[in-house]
**Student:** 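Before anything else, here's the structure in question.
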Amino acid sequence: MTKMRCFQGCPLISHLISDPDVQSWTLLISAYTKNGRCKEAIKLYTEVKNSRKIAPDKFAILAVAKACAASGDLVNAKEIHSDALKYRFGSDLLLGNALIDMYGKCKYFEGAERVFGDLRMKDALLAFREMGLSGIKPNAMTLSSILPACSDLKCLNLGREIHGFGIKNGMGENVFINSALVDMYSSCSSIKHAEMVFHNMPRPDVVSWNVIISAYFSMAIAKALNKFQQMRINQGVKLDIISWNTVISGCADNGKAQEALELLRNMQQLGCKPNQITITSVLTACTNLEVWRGGKEIHAYVVRHCFMGDLAANTALVLIYAKSGDLEMSNRLFSMMPLKDTVAWNTIIIANSMHGRGEKALSLFNQMVGSGVKPNSVTFTGVLSGCSHSQMVDEGLSIFHSMIKDHKVEPDAEHYSCMVDVLGRGGRLTEAYNFIQQMPMEPSAAAWGALLGACRVYKNTDLGRIAANRLFEIEPDNPGNYVLLFNILGSAKLWEEASSTRKLMRDRGIRKVPGCSWVHVGNRVYTFVVGDKNNNMSNDIYKFLDEIRMKMKLAGCYPDTEFVLQDLDGEEQEDSLCNHSEKLAVAFGILNLRGESSIRVFKNLRICGDCHNTIKFIAKFVGVQIIVRDSLRFHHFTNGLCSCGDFW
DNA sequence: ATAGGGTTAG
């Protein structure tokens, strides 16, 4: 009993063993790693090495390299690498593979390259191709440890040769080799062969099943889920944590968030404990969940299960909070993160940009650079879109010019589009148009779309026509472009031309996506469409909105009839401004405040201008904060003002 | 050489 407690909690396990030799030391390191306790494995390695003056052999180094790989511990990884060189294992193929894998998992690709170079892995692979391998005949261990290198490098030909060599040399039924082959064929996009190898295995084990399911996820999700069901009813194999993670991350990557959450519940019911990878995958899935309760539940789970130290989990949480409207929580979480990589910084910059905090996005960018983390292409998209949403034209221009000059990041079409948006929203329409024409690549729909949007805000009919006509060519099926031009022409009172735009849209058979908003009250999500009367409180909702409209008129705010046009859609002619889905959802949220000081509403399309005015008024009149997420960004309404500065 | 090595999830 005492011994057991020590094994779990005591860092110096070696005290329990009278004379630890290299073998038992290695065994313990592996045991810790297999149980997900990488920190302890690494500590054990370091402490025993230093205090007992034991020289690690290649197996000990291999074991600790795996611990570093699993935990992404780059600091110790470098130490392990230098040990490998110090003890003269620099050209060991097995260890070399493990070190490359370790650096890869720590995202330190320069290190991986260096090991690769030292090892002359390419030469090793070539030597293997000639089946010489320095005169030593490869055994099963060699084959199964070299196959992952083929997977990584997508060397299908060599993989095939290894496959043939294995069969010729009586290793055709080796489960390690076969699983590695399934993975190799799958990585080389040769699913048919992966399938063949798997189906010819006499006794596939958990790993074989995991690998084939993962292979199916890369081509057809239905087939993968089907195979997973087969695995579950198969008596011969027992699901392990990797099985669950494979299928959960497969769902997450394919936008199946609900399924991922359901699988998380399933695995827990069956007594399988989620690990960091599970949590990260589920969090990634939740990031794309349309309706989320502010991330609080999964956050609580992460805290309860001590995954808070995990970089990827934290980054996902930062994004979840931002996307669910809670920017404060997002910022707070980020500031508490002990370690921040490029992705983490990008996330918090984008979060602030989405919420219209351009200044904060810019200052975060400067902090990022100051702390020595290298910005990449995504970073600049984030900062520039922050500048555009906050009318920071000069700042945007200066960032754009510093991209190549100071950061060696080549602007791509997306950055150019951001700059069109920066100039356009800043009211510098001619410059925006010139900018498009000077783009070194073909201007994308995003670039013309940014210009068209700016033309709507600044009521520029001439440029609006040009941008819209380009968009009608590039993306003829996007209803938003027709509606925007229609609104531009309508507000210029060019009725005839406006209705011919409408006709063009109708003739092409393009329909507007129906507007839909939702709000979270208590434990339920309530959905509203235009003119919705299906809610229990519909009468109260409309009464409330009537009252607001009266109050607005008394205050001299008249409905902006320009936006009546926005929803004019044939059969929806009777739609007036008072029944847009976002107004209904806001009204319902206000009527169910229950002591809260803020509500959050989500809409699938851009918010309408009249709704924007009305919600500003409601926020002031009721004295609450109203946060609305539309398809592009967030609006924070407080005391009669919106964070977007009316440049929605 | 009868303690350790090889395949899978992000």
Side-chain angles (χ1 to χ4, degrees), chain A residues 17 19-31 33-34 36 56-66 69-72 89 92-98 101 104-107 138-152 159 162 166 171 174-187 194 197-198 201 204-218 224 228 231 237 239-253 260 263 267 272 274-285 307 310-313 315-316 343:
Chain A
I17 299 168
D19 184 23
D21 57 15
V22 196
Q23 279 93 343
S24 48
W25 183 29
T26 306
L27 188 67
L28 281 168
I29 294 170
S30 300
T33 310
K34 275 181 191 145
D57 64 4
K58 71 173 205 178
F59 297 123
I61 297 176
L62 188 71
V64 73
K66 287 197 151 188
S71 58
F89 301 116
D92 186 277
L93 194 60
L94 191 64
L95 186 51
N97 242 352
D101 182 57
K105 294 208 163 106
C106 297
K107 301 194 167 79
N139 62 14
M141 297 281 185
T142 327
L143 294 199
S144 45
S145 63
I146 204 159
L147 278 168
C150 297
S151 296
D152 289 345
I162 293 174
M171 298 180 252
N174 181 299
V175 69
F176 286 90
I177 295 176
N178 280 315
S179 297
L181 280 171
V182 172
D183 186 57
M184 183 278 295
Y185 280 122
S186 156
S187 304
V197 174
F198 178 80
M201 287 178 74
D205 67 356
V206 217
V207 178
S208 323
W209 280 92
N210 293 345
V211 169
I212 191 72
I213 288 168
S214 168
Y216 281 141
F217 269 115
S218 66
F228 181 64
M231 184 186 186
V237 280
L239 303 199
D240 66 4
I241 176 100
I242 298 184
S243 319
W244 289 105
N245 289 349
T246 302
V247 66
I248 287 176
S249 75
C251 286
D253 293 345
L263 284 160
M267 78 182 279
C272 187
N275 65 11
Q276 268 109 329
I277 293 170
T278 325
I279 294 303
T280 311
S281 305
V282 172
L283 287 172
T284 312
F307 290 130
D310 190 74
L311 182 64
T315 305
V343 177

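The structure displayed is predicted, hence computed values, not measured ones.
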**Student:** Could you write nucleotides 4-10 of chain B as a row of B, S and -, 5' to 3', where a protein heavy atom under 4.0 Å of any base atom gives B, of only sugar-phosphate atoms gives S, and otherwise -?
**Tutor:** BBBBBBB
**Student:** Sequence neighbours excluded, which residues qualify as side-chain hydrogen bond (donor to acceptor under 3.5 Å, both in side chains) partners of D183(A)?
**Tutor:** S151(A)
**Student:** Pick the C1' atom in dT7(B) and in dA3(B), then give their distance to the nearest Å.
**Tutor:** 23 Å
**Student:** Run the salt bridge (charged side-chain N to carboxylate O under 4.0 Å, His left out) test against K105(A) and tell me which residues pass, sequence neighbours left out.
**Tutor:** D101(A)
**Student:** F59(A): which residues meet the ring pair (Phe, Tyr, Trp, His ring centres under 6.0 Å) condition with it, sequence neighbours left out?
**Tutor:** none
**Student:** My understanding is that only residues two or more places apart in sequence, or in another chain, count here; which of them pass side-chain hydrogen bond (donor to acceptor under 3.5 Å, both in side chains) with S214(A)?
**Tutor:** none
**Student:** My understanding is that only residues two or more places apart in sequence, or in another chain, count here; which of them pass side-chain hydrogen bond (donor to acceptor under 3.5 Å, both in side chains) with K58(A)?
**Tutor:** D92(A)
